[in-house]
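Heads up: the structure comes next, in structure tokens.
Because the structure is predicted, anything quoted here is derived from the model rather than measured. Order of appearance sets the numbers: ligands from 1, and atoms from 1 within every ligand.
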Amino acid sequence: MTAQLNPRGDVAVLVPAAGAGVRLGPGAPKALRPLAGEPLLVHAVRRIAAAPSVHTVVVAAPAADVDSVQAMLAPVAPVIVVPGGPERQASVAAALAAVPAGPEIVLVHDAARALTPPELIESVAAAVRSGHDAVIPVLPVVDTIKEVGAGELVLGTVDRSALRAVQTPQGFRRAVLTAAHATAGDPLTDDAGLVEKQGVPVVCVPGSEYALKVTRPFDLALAEHLLSAGQAG
Ligand code: CTP
Ligand code: MG
């Protein structure tokens, strides 16, 4: 089976999509829940496939849904689908293990960031291509952040100017991500964290508001609005 998009592309995108979506409330696994009539994962993969550098897409699906996800995505783009694991990190590791020889840039991109523009995928990939081992898209933190202790007592105010909110896709030179996962310890919520532990420098590039992660019902409503307003491709 060939699961290749652009044969001249140098990027593999891993799409962890095996989470339950507990914070979204009861229902199907989050990546399979509808947004404007189509599963979040379909929106995400369509935008990934529109990025010209992408050679291969590997989706880590809920283990019970591998066949249905394969069938669901077949009309959208050629993809490899593997069963995910109990933690996001295990899902990413399973997808990474399925990347064929060829792409030397690997991006990890949450299915839940369903409206991420192809331009962001390209800009992260370009930053890796230009020589950075690890690249993350970030946004400035807009709220004031307090550190809080027991009894909700404020301990202090964090200097917001030094903080960034981190999105996906996170991009890596393939060998760097492979090495980080090979020695991974406790599960982390992002892949750059694993790479940081290896002592590899991680560089930030500008993120996108449209790369918001659908986590709670409010996020789903916002994503619906962005789509219906024609603002999210
Ligand atoms: N993910 C995964 N495998 C897991 C857990 C999460 O592939 N075992 C994926 C999710 O499908 C999602 C991405 O990692 O695309 C980011 O995770 P998150 O937003 O936390 O999604 P869920 O784990 O599904 O949500 P929740 O934590 O609310 O259950
Ligand atoms: Mg989760």
- Using heavy atoms and a strict 4.0 Å limit, residues surrounding ligand 1 turn out to be Pro16, Ala17, Ala18, Gly19, Ala20, Gly21, Val22, Arg23, Lys30, Gly85, Pro86, Glu87, Arg88, Ser91, Asp110, Ala111, Ala112, Lys213
- Between CG on residue Leu212 and CG on residue Leu115, distance to nearest 0.5 Å: 6.5 Å
- Message: Any salt bridge linking Asp10 with Arg174? Criterion: basic side-chain nitrogen under 4.0 Å from a carboxylate oxygen.
- Response: no
- Task: Indicate whether the side chain of Thr183 and that of Gln198 have a donor and an acceptor atom separated by less than 3.5 Å.
- Result: yes
- Salt-bridge present (Arg160, Asp143; N to O < 4.0 Å): no
- Message: Any salt bridge linking Lys213 with Asp219? Criterion: basic side-chain nitrogen under 4.0 Å from a carboxylate oxygen.
- Response: no
- Query: Going by the side chain to side chain donor-acceptor pair (under 3.5 Å) test, which pairs reach into residues 18-39, not counting sequence neighbours?
  - Reply: Glu38-Arg46
